[in-house]
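One structure below.
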Amino acid sequence: MSFVLWMTGLPCSGKTTIARKLSDHIYNIAILDGDELREWISPKDFSQQGRNEHNRKVAFLAKLLLKHKIPVCVSLISPYIENRETARKIIGNDKFVEIFIKCSLEECKSRDVKGMYKKAQNNEIKNFTGISDKYEEPTNPDIVLETEKLSAEESVSKII
């Protein structure tokens, strides 16, 4: 059976870590990571319009993989409710599982090995989610993973 696990959350909340661990448990799952994809399929436009376009492209790519019966895990900030609603429409409600990777801003900052939050606070990075751009928490996600309380393995177990 194919499906799309759409993981959303603040930068450094644990999305990519959980996605990679899922690949140990779900055969042939395709991982679509926002940072990796942005390098290749979207310009470095972090405006709301640019983010909306990037999310649509990722949702379409996930839908193409579904056509070939490949399960997909999307690890993407997708900061706006509109992003996730659009993705659900593109992919199809029956194949779309919204997973909120819930983590406090303070904890995300402490996990940031690249120093992105500090740069955003110093205005070196514009439109940074959680600092100079908003993150709209999901109102009714299918799964909530509180990564300050759960390990990556516990989070994977909850998904499975």
Side-chain angles (χ1 to χ4, degrees), residues 1-44 46 50-81 83-105 107-117 128-130 135-160:
M1 183 167 95
S2 56
F3 49 83
V4 173
L5 304 173
W6 191 278
M7 295 195 297
T8 176
L10 288 169
C12 305
S13 59
K15 297 177 300 299
T16 300
T17 300
I18 294 167
R20 288 183 180 148
K21 292 241 181 240
L22 269 171
S23 68
D24 295 336
H25 300 274
I26 301 174
Y27 173 73
N28 203 32
I29 192 166
I31 298 172
L32 301 180
D33 183 75
D35 288 342
E36 291 175 359
L37 291 172
R38 190 164 280 282
E39 289 292 318
W40 298 101
I41 67 169
S42 292
K44 301 252 187 242
F46 291 94
R51 289 175 187 266
N52 290 343
E53 178 183 340
H54 182 63
N55 276 261
R56 281 191 303 275
K57 288 177 179 180
V58 173
F60 181 73
L61 183 55
K63 183 177 179 174
L64 288 176
L65 290 166
L66 281 178
K67 284 183 178 181
H68 296 282
K69 308 288 188 234
I70 298 171
V72 180
C73 180
V74 174
S75 170
L76 193 64
I77 295 168
S78 48
Y80 313 121
I81 291 170
N83 298 150
R84 299 181 297 269
E85 288 174 350
T86 299
R88 187 181 293 271
K89 287 177 188 168
I90 291 169
I91 293 162
N93 193 47
D94 60 326
K95 300 283 188 182
F96 186 92
V97 180
E98 182 178 36
I99 303 173
F100 176 32
I101 309 301
K102 186 174 183 177
C103 190
S104 70
L105 181 59
E107 180 64 19
C108 290
K109 287 179 184 179
S110 75
R111 295 177 181 179
D112 180 16
V113 295
K114 296 179 188 174
M116 297 179 303
Y117 279 101
F128 191 81
T129 305
Y135 176 77
E136 298 172 345
E137 290 190 5
T139 55
N140 192 24
D142 299 298
I143 299 171
V144 177
L145 301 174
E146 295 186 51
T147 59
E148 287 176 81
K149 298 177 182 175
L150 299 172
S151 69
E153 280 298 332
E154 290 169 325
S155 295
V156 166
S157 293
K158 193 170 177 182
I159 292 169
I160 293 173

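Residue numbers run from 1 in the order of the sequence given.
A donor and an acceptor atom, one from each side chain of Ser78 and Arg51, are nowhere located under 3.5 Å apart. With 3.5 Å as the limit, one finds no donor-acceptor pair spanning the side chains of Thr147 and Ser13.
Distance check, rounded to the nearest 0.5 Å: CD1 of Ile99 to CG of Leu22 gives 7.0 Å. Distance OG/Ser155 to CD1/Ile160: 11.0 Å, rounded to 0.5 Å. Remark: Lys158 NZ to Glu146 CD distance equals 7.0 Å, nearest 0.5 Å. The CD atom of Glu98 sits 10.5 Å away from the CG atom of Asn93 when rounded to the nearest 0.5 Å. Once rounded to the nearest 0.5 Å, the distance linking NZ of Lys109 with SG of Cys12 reads 11.5 Å. To the nearest 0.5 Å, atom NZ of residue Lys21 and atom SG of residue Cys73 are 14.0 Å apart.
Looking at Ile77 and Thr8, their side chains never come closer than 4.5 Å, going by heavy atoms from C-beta outward. Between Pro79 and Glu136, every side-chain heavy-atom pair lies at or beyond the 4.5 Å cut-off. Within the 4.5 Å cutoff, side-chain heavy atoms of His54 are placed close to those of Leu37. A heavy-atom distance below 4.5 Å is found between the side chains of Glu148 and Arg111. Taking the side chain as every heavy atom from C-beta outward, Thr139 and Ile81 approach each other to under 4.5 Å. Asn55 is not listed as a side-chain neighbour of Thr86, based on a closest heavy-atom distance of 4.5 Å or more. Considering only heavy atoms from C-beta on, Ile18 comes within 4.5 Å of Leu145 through its side chain. By the 4.5 Å heavy-atom criterion applied to side chains, Arg56 and Ile90 are counted as neighbours.
Looking only at distances, no side-chain donor or acceptor of Tyr117 sits under 3.5 Å from a matching main-chain atom of Phe128. For Ser75 (side chain) and Asp33 (main-chain N/O), no donor-acceptor pair under 3.5 Å exists by modelled atom type.
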* Passes side-chain contact (heavy atoms from CB on, under 4.5 Å), Val4 versus Val74? Steps please. -> CA-CA 7 Å; Val4 173; Val74 174; 4.0 Å; yes
* To do: Could you walk me through whether Arg88 and Asp94 pass salt bridge (charged side-chain N to carboxylate O under 4.0 Å, His left out), step by step?
  => CA-CA 9 Å; Arg88 187 181 293 271; Asp94 60 326; over 6 Å; no
* side-chain contact (heavy atoms from CB on, under 4.5 Å) assessment of Thr129 paired with Tyr80 -> CA-CA 10 Å; Thr129 305; Tyr80 313 121; over 6 Å; no
* Start with the C-alpha gap between Asn83 and Asn52, add the side-chain angles, then the distance that decides, and say whether side-chain contact (heavy atoms from CB on, under 4.5 Å) holds. => CA-CA 6 Å; Asn83 298 150; Asn52 290 343; 2.5 Å; yes
* Would you check, one step at a time, whether the test salt bridge (charged side-chain N to carboxylate O under 4.0 Å, His left out) holds for Glu85 with Lys89? => CA-CA 6 Å; Glu85 288 174 350; Lys89 287 177 188 168; 5.6 Å; no
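A parallel orientation is assigned to the rings of Tyr135 and Phe100, their planes being inclined by less than 30° (bins at 30° and 60°).
Shown here for Cys108 and Leu10, the closest heavy-atom pair between the two residues is SG-CB, 3.9 Å. The shortest heavy-atom contact between Met116 and Asp112 is N-OD2, 2.6 Å. When all heavy atoms are compared, the tightest approach of Ile70 to Ala30 is CG2-CB, 3.9 Å. Of all non-hydrogen atoms in Leu32 and Val58, the two that sit nearest each other are CD1-O, 4.1 Å. Between Cys103 and Glu107 the shortest heavy-atom distance is SG-CG, 3.5 Å. Of all heavy-atom pairs spanning Lys95 and Leu66, the tightest one is CB-CD1, 4.0 Å.
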